[in-house]
Amino acid sequence: MAGAATPALRPGVGWGTRALIGVSGVAFIGSLALVFLWAPTDATMGVVQRIFYIHVPLAWTAFLAFGVVCVASIAYLWRGNPRWDHLAYASAEIGVVLGALMLASGSLWAKPVWGVWWTWSPRLTTSLILWLIYVGYLLLRAYAPTGTQGARFAAVLGILGFLNVPLIYFSVELWRDVHPELVVGPAAEEGAVERPMFLTLMASMLAFTLLYISTLVYRYRLRLLEEAVEKVRHAVAS
């Protein structure tokens with residue numbers, strides 16, 4: 001038993017993970033340079049519009065994290081391999097943090113532009129519901145009677161919760177909303193923003209995506225270590 005757990009208990013991260021974290025850091029610094037030194041100031045909103053380059057990538061990476069939760073949850077329910085569950089759990093933790101930052105950055109943008117910190121528009125309301133669903137996912141994992149039962153219930157919630165993401169994306173098209181129109185994705189109009197702004201946004205989205213992936217890899221490895229430690233505890237106790 002101790003021999004089987006030793007490889008998973010190996011501390012630290014591999015060179016691939018460290019390289020990914022380094023690339024993410026460089027990309028993040030580069031994107032911030034573009035945001036504050038190259039992208040033009042918006043003629044209508046002024047300098048506060050630069051939150052756009054943080055808020056939109058936060059929304060994208062939060063949706064990506066919840067998408068990984070959905071796919072990994074389907075794989076866990078289908079195959080029963082706990083490593084899929086660990087991946088879903090790690091991505092949900094990161095997604096909840098990114099979602100909270102998305103909501104907070106949106107409020108910081110809304111106050112000077114709309115005059116309020118929050119309004120119950122369809123886009124904002126559905127985004128808050130999505131975040132609360134995955135907060136519920138983490139609470140379910142924490143308070144379920146058994147780990148296996150919690151993993152199964154949470155997998156179902158993780159799959160159903162992701163159905164809210166397409167609704168959020170198309171909400172500004174489906175209902176009248178004070179939220180700005182779509183600037184990226186299949187429903188966005190070509191040339192919705194100026195080319196320097198669009199390129200800066202793409203660079204920022206790439207940086208945030210790399211940051212999410214590197215964080216996910218690191219958190220996933222930690223969950224494997226936690227599982228190995230738990231197995232050793234049970235072995236010692238028995």
Side-chain angles (χ1 to χ4, degrees), residues 21-67 94-132 134-135 164-215:
I21 293 173
V23 171
S24 302
V26 172
F28 201 77
I29 293 172
S31 69
L32 288 178
L34 291 175
V35 169
F36 292 105
L37 302 178
W38 186 65
T41 301
D42 185 80
T44 304
M45 290 183 277
V47 71
V48 72
Q49 183 268 343
R50 295 184 194 277
I51 297 178
F52 165 76
Y53 304 111
I54 305 298
H55 176 67
V56 175
L58 281 171
W60 152 247
T61 44
F63 296 162
L64 176 61
F66 297 143
I94 300 168
V96 167
V97 174
L98 293 169
L101 293 174
M102 171 190 70
L103 294 171
S105 61
S107 291
L108 291 174
W109 193 3
K111 179 60 178 175
V113 176
W114 298 339
V116 293
W117 293 106
W118 180 268
T119 180
W120 294 101
S121 77
R123 170 62 72 90
L124 273 64
T125 303
T126 50
S127 297
L128 178 61
I129 291 173
L130 179 72
W131 183 73
L132 290 174
Y134 285 95
V135 170
N164 199 26
V165 170
L167 184 64
I168 295 172
Y169 179 76
F170 289 106
S171 61
V172 293
E173 300 290 328
L174 296 174
W175 299 288
R176 296 185 63 181
D177 200 330
V178 296
H179 195 278
E181 295 181 355
L182 300 169
V183 296
V184 294
E189 294 185 7
E190 188 175 352
V193 293
E194 296 180 14
R195 187 168 179 78
M197 292 181 172
F198 180 77
L199 293 177
T200 303
L201 176 62
M202 291 297 103
S204 187
M205 290 181 74
L206 174 62
F208 273 85
T209 302
L210 291 172
L211 183 64
Y212 159 71
I213 294 173
S214 59
T215 307

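Reckoned from all heavy atoms, side chains included, excluding hydrogens, waters and symmetry mates.
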- prompt: Is the gap between the ring centers of F208 and F28 under 6.0 Å?
  reply: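 Between F28 and F208, which both carry aromatic rings, the centre distance is below 6.0 Å.
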
For the atom pair [atom1] ([X]) and [atom2] ([Y]), what is the distance rounded to the nearest 0.5 Å?
{"X": "L211", "Y": "L206", "atom1": "CG", "atom2": "CG", "value": "11.0 Å"}
{"X": "Y212", "Y": "T61", "atom1": "OH", "atom2": "OG1", "value": "9.0 Å"}
{"X": "T215", "Y": "L210", "atom1": "OG1", "atom2": "CG", "value": "10.5 Å"}
{"X": "I51", "Y": "I54", "atom1": "CD1", "atom2": "CD1", "value": "9.0 Å"}
{"X": "Y53", "Y": "M205", "atom1": "OH", "atom2": "CE", "value": "13.0 Å"}
{"X": "L199", "Y": "L34", "atom1": "CG", "atom2": "CG", "value": "9.0 Å"}

Taking side chain as C-beta onward, heavy atoms only, is [X] less than 4.5 Å from [Y]?
{"X": "T200", "Y": "S31", "result": "no"}
{"X": "F63", "Y": "L98", "result": "no"}
{"X": "N164", "Y": "F66", "result": "no"}
{"X": "P57", "Y": "L201", "result": "yes"}
{"X": "T41", "Y": "R50", "result": "yes"}
{"X": "W117", "Y": "L108", "result": "yes"}
{"X": "S127", "Y": "R123", "result": "yes"}

query: Is the backbone N or O of P122 less than 3.5 Å from a side-chain atom of T125, with the two atoms forming a donor-acceptor pair by type?
result: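 Pair absent, no side-chain N/O of T125 close to backbone of P122.
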
message: side-chain hydrogen bond (donor to acceptor under 3.5 Å, both in side chains) for T209 and W60? Distances and angles first, verdict last.
response: CA-CA 8 Å; T209 302; W60 152 247; 2.8 Å; yes

Nearest non-hydrogen partners of [X] and [Y], listed with the distance:
{"X": "T119", "Y": "L124", "value": "O-CD2, 3.4 Å"}
{"X": "G106", "Y": "H55", "value": "N-ND1, 3.4 Å"}
{"X": "P40", "Y": "Q49", "value": "O-OE1, 4.4 Å"}

field: Audit row: F52, D42, side-chain contact (heavy atoms from CB on, under 4.5 Å) steps and yes/no
entry: CA-CA 10 Å; F52 165 76; D42 185 80; over 6 Å; no

